[in-house]
Amino acid sequence: MKYSPKQMKDQLEAKEFGFKKKFGQNFIVDENIINSIITKANITKDSMVIEIGPGAGSLTYKLATNAKQVLCYEIDTKLQNVLEENLKEFENVDIIYQDFLKADVKKDLANYQFETLYVVANLPYYITTPIIVKLIEDEISVDKIVVMVQKEVGDRFKAQPGSKDYGSLSVYLNYFFEISKLMDVSRNIFIPKPNVDSIVVELKRKESTYHLDNAQLFFQLVRDSFKQKRKTLRNNLKQYDLSLIEEVLNKYHYDLSVRAEQLSIEIFVAIANQLSKKK
Ligand code: SAM
């Protein structure tokens, strides 16, 4: 694998590959950054890693060197011959050419045996949130997610109730994961160069403080509560038993005129558990 910008450009040109903005294609051309991701993520020889969007394979190469097995999803079939060339020395990399958002990840994972599961990726920015939401809602038991994301999006992950960035993603993430920033990444280490800076964040699965009776009901409730951010719960949750919801809200000194952005994870869990009891 050649990591210099010139070598990668030459290879992509030789293979007649053109970058596609619509797929969020900004490839890393700095070996030091990749090495730091691998070290900080603590990838070990017994880990199974899912990578979403291998691109030309620069991160994949180091993942394959350090992990037991790597499973990649790449939407752009035009990258197939580039990836085949760059990863030809590995037998522990499988690439599925498919839109990750449509993949049946649980089924794909059933083909492998592993102890710990990581997701490591330089995510396509246009679908960062849907990718993370999918990993959570599909109940893929990922131990750790290490992803490069747009700086503003990463900052939103830890948003607290009452702040303008607080949304369903913050509720999900903070329920399931310990979130920490691993490093800042300059826009200069990509080709083509994006208009924004990035950060690498780590999401480490935690035992949540609050017990959930029915995860799918919780996901649906949180999604519906934030459906129209400026609306009250009374308006967003019309299809639910509002009197049960009000009972819980009253315990926390709120009523149905509250907006989702004001409610803590604890309250969402309490509402979901109350609704699941009466189902
Ligand atoms: N991992 C490479 C790197 O760091 O150099 C490429 C990262 S680039 C930011 C994002 C990659 O995700 C591209 O290869 C792009 O084609 C791929 N991609 C975009 N949308 C996708 C989707 N829905 N499913 C799978 N891969 C996707």
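Note that ligands are numbered from 1 as they come in the structure, with each ligand's atoms numbered from 1 the same way.
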Looking at Asp99, which atoms of ligand 1 are within less than 4.0 Å of one of its heavy atoms? 22 (C), 23 (N), 24 (N)
Could you tell me if the ring centre of Tyr175 sits under 6.0 Å from that of Phe177? no
Presence of salt bridge, Glu85 and Lys15, under 4.0 angstrom: yes
Can you report which non-hydrogen protein atom sits closest to atom 2 (C) of ligand 1, along with the distance? Pro54 O, 3.3 Å
To which protein heavy atom is atom 5 (O) of ligand 1 closest, and what is the distance rounded to 0.1 Å? Ile28 N, 2.8 Å
min-distance protein heavy atom vs atom 20 (N) of ligand 1 -> Tyr126 OH, 2.8 Å
Using a heavy-atom cut-off of under 4.0 Å, does the side chain or the backbone of Ile127 touch ligand 1, or both, or neither? side chain
Under 3.5 Å: N/O of Gly55 near N/O of ligand 1: yes
Less than 4.0 angstrom from a charged side-chain N to a carboxylate O is my criterion; do Asp197 and Arg187 meet it? yes
of all protein heavy atoms, closest to atom 17 (C) of ligand 1 is Glu74 OE2, 3.4 Å
Could you walk me through whether Lys151 and Asp184 pass the salt bridge (Lys or Arg N to Asp or Glu O under 4.0 Å) check? CA-CA 8 Å; Lys151 191 172 176 319; Asp184 288 299; 5.1 Å; no
Would Glu139 and Lys106 pass as an ion pair if we require N to O under 4.0 Å? no
Between Phe100 and Lys134, is there a cation-pi geometry (under 6.0 Å to ring centre, at most 45° from the normal)? yes
Polar proximity ligand 1 side, Leu123 side, N/O cut 3.5 Å exclusive: no
Under 4.0 Å from one or more heavy atoms of Ser58, ligand 1 contributes atoms 5 (O)
Asn26 and ligand 1 - part of the residue with a heavy-atom distance under 4.0 Å: backbone
With a 4.0 Å cut-off on N to O distance, would you call Lys144 and Glu202 a salt bridge? yes
Less than 4.0 angstrom from a charged side-chain N to a carboxylate O is my criterion; do Arg205 and Glu178 meet it? no
May I ask you to list the atoms of ligand 1 that are less than 4.0 angstrom from any heavy atom of Glu51? 1 (N)
Record the part of Ala56 in heavy-atom contact with ligand 1 below 4.0 Å; permitted values are side chain, backbone, both and neither. neither
In the protein, which heavy atom is nearest to atom 10 (C) of ligand 1, and how far is it? Gly24 O, 3.6 Å
Spacing of Leu63 atom CG and Ile50 atom CD1 [to the nearest 0.5 Å]: 12.0 Å
If I apply the N/O under 3.5 Å rule, does Leu79 come out as touching ligand 1? no
Considering only the protein, which heavy-atom contact is closest to atom 21 (C) of ligand 1, and what is its distance? Ile75 CG2, 3.5 Å
Atoms of ligand 1 under 4.0 Å from any heavy atom of Gln98, numbered from 1 in the order shown, are 24 (N), 25 (C)
Checking a contact table here: which protein heavy atom is nearest atom 1 (N) of ligand 1, and how many Å away? Gly53 O, 2.8 Å
For the residue pair Asn188 and Ser186, confirm or rule out a side-chain donor-acceptor distance under 3.5 Å. yes
Counting from 1 in the order shown, the ligand 1 atoms closer than 4.0 Å to a non-hydrogen atom of Gln25 are 13 (C), 15 (C), 16 (O)
Applying the ring pair (Phe, Tyr, Trp, His ring centres under 6.0 Å) criterion to Phe219, which one of Phe226, Phe268, Tyr172 satisfies it? Tyr172
Considering only protein heavy atoms, which is closest to atom 4 (O) of ligand 1, and at what distance to one decimal place? Asn122 ND2, 2.8 Å
For Phe90 and Tyr61, take the angle between the two ring planes, folded into 0 to 90°, and tell me which bin it lands in: parallel under 30, tilted 30 to 60, perpendicular over 60. perpendicular
